Every structure is written in C-alpha cells, then in structure tokens.
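Atoms within a ligand are numbered from 1 in the order they appear, just like the ligands themselves. Bear in mind that the values here come from a model prediction, so they are computed numbers and not experimental data. What's counted below: heavy atoms across the whole structure, side chains too, no hydrogens, waters or symmetry copies.
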Amino acid sequence: MSCLGVIGGTGIDQWEGVDIVREHALDTPFGAPSRPVQEGQLHGETVFFLQRHGSPKAIPPHAINYRANIWALNALGVTDVIAVNAVGGISPNARAGVLVIPHQLIDYTWGRQHTFDMGESGSLQHIDFTWPFYPSLRARLCDAVDELQRECVTEGVYGVTQGPRLESAAEIRRMANDGCTVVGMTAMPEAALAAELGLHYASLCIVVNAAAGLSDEPLTLAAMRSTLAAAAVAVRDVLDKLVRSGQLT
Ligand code: HPA
C-alpha cells in the first residue's frame, strides 16, 4: 500500500483541500522536523504534509534539518514523497509560472548533513542514485499535469545551490553549460536521504523567476511570492488529481 507525503516549499504552507485530522510532533534520532507533520484525509486516502521551512519562522535552505524531515515521514508510514520546490528558470521554456517535473539533478550544495550513514552499520551504503527522482512516481505526476492540460516542462535538470543568497549571472551561465534547466536550493540532500530510506521521491517545481542574469527584472522576493501564489492553485490541482488516481507506485 502506498502512502503519499507532500513536502511544501516556499509559499506552500498547507496542502489545500486536505482535512487535517492530527498533527505529529515527532522527535527523531536527528532532532525535530521543521514543523509537526500534518496527517489528513483526501478522497478517502490518508496523506501527510510537512512544511520544509517550518512556520511561522522560516528556516533557510542550508539550515533545514533534512534528515529529521525525511526520517519523520518514513516513520509515519509515508512511501511516496512529492517535494514542492520554488525554483528559478534557466532554460528558455522554464518561464515564471510554469511547472517543471525534473528527471535529474546536479548537487552544488556543501556542508549539509547529507546522509543517514554514519558508518555504524559496518557496511558501505552506496545507494544507487542514477535516477534521483523515482521514475514511476514522476510519470504519475506528469499524467496528472497532462490531464489538467497545465503548461509544464516534464523533463529537466534541477541544479541545487547552497543559498541562501541567489546566484551570480556567471554561476547561472555555468549551470546552463552544465545542462541545468532550473535552479533551486532544497532538493538536496532531501532526494538522496529519501533514497537512502527507500522512499519514492519526485519533485514538482514552480518557476518563480528567471535565474540571475537572464532577465532585466530585479530579483525580488515580493515578485517571486506573487508568482508562487498564482501557481499554488495549480499545485493543489495536480496533487488532487494524483491522489484521485489511486495507488501510486
Ligand atoms: N535561485 C535559487 N533558488 C531559487 C531561485 C533562484 O533563482 N528562485 C527560487 N528559488
């Protein structure tokens, strides 16, 4: 039996449409998650929601306790995770307001607690990370977007930067040369930690700005938030379709 958990990114503070039945304030071997995990019901399914940045105080991307977050979802019985991520667009088709479902990532982060493996098991844990986003869960997400006839880029490379500052124009040029479609700060180590615990993980990105140097517009949080607010409705609709479509993977 699959069980869906959603990790909400910037601007996605709740899973709209879900009836919350309880909150789980868990402690994990790695400390507390960003916020108590909400358990709810949607179309007869039990689902879980966790805001990655916490609330009301926002935890910046480099300071998020990704290990506690993923551990908590796994402990609650979540099998499939949809991560919602606000990103900047690098490829011309990744314009502000468009959804992107990446199939690959490049990790440019550093100094984050990026594994559960502290060598205690006595054997090496080299997980297979060829496909950071679980192909069949991605496919289900693509189907849901397709049914809604929503503009979406259904393949792409997510370049994960350290933040919290945005990138320089030269860094974005380098990332474009590396093949990045979008740039964000939160898919790693989240995706790898999910893989370590055997969770199926896929990302639903919302492009909220053109990446640094690609537009004449200044990069402001206010502009990003207003794009996000409009796209949040699409995120709700995609998740709704996904849950309605039944067993996930
Ligand atoms: N860069 C990195 N992370 C982001 C951006 C960006 O331009 N926009 C939203 N998250």
From C205 atom SG to I101 atom CD1, the distance as rounded to the nearest 0.5 Å
9.0 Å

For [atom], find the nearest protein heavy atom and state the residue, atom name and distance (0.1 Å precision).
atom	answer
atom 5 (C) of ligand 1	G88 N, 3.4 Å
atom 6 (C) of ligand 1	L166 CD2, 3.5 Å
atom 7 (O) of ligand 1	N209 ND2, 3.0 Å
atom 10 (N) of ligand 1	A86 O, 3.3 Å

Below a 4.0 angstrom heavy-atom separation, can you tell me which part of [X], side chain or backbone, both or neither, approaches ligand 1?
X	answer
V208	side chain
L219	neither
V183	both

Polar-atom distance check: T161 versus ligand 1, any N or O pair below 3.5 Å?
no

Report yes or no: does Q104 contribute a side-chain atom to a donor-acceptor pair with the main-chain N or O of T130 at less than 3.5 Å?
yes

Does some side-chain heavy atom of [Y] sit less than 4.5 Å from a side-chain heavy atom of [X]?
X	Y	result
V47	Q41	no
N74	L199	yes
L105	F129	yes

Step by step, would you call F30 with F116 a ring pair (Phe, Tyr, Trp, His ring centres under 6.0 Å)?
CA-CA 9 Å; F30 307 96; F116 293 112; 5.2 Å; yes

Relative to the heavy atoms of G184, which atoms of ligand 1 are at a distance of less than 4.0 Å?
2 (C), 3 (N)

Show which atoms of ligand 1 fall inside a sub-4.0 Å distance from at least one heavy-atom site of E167.
1 (N), 2 (C), 6 (C), 7 (O)

Could you walk me through whether R140 and S245 pass side-chain hydrogen bond (donor to acceptor under 3.5 Å, both in side chains), step by step?
CA-CA 9 Å; R140 296 291 296 276; S245 68; 2.8 Å; yes

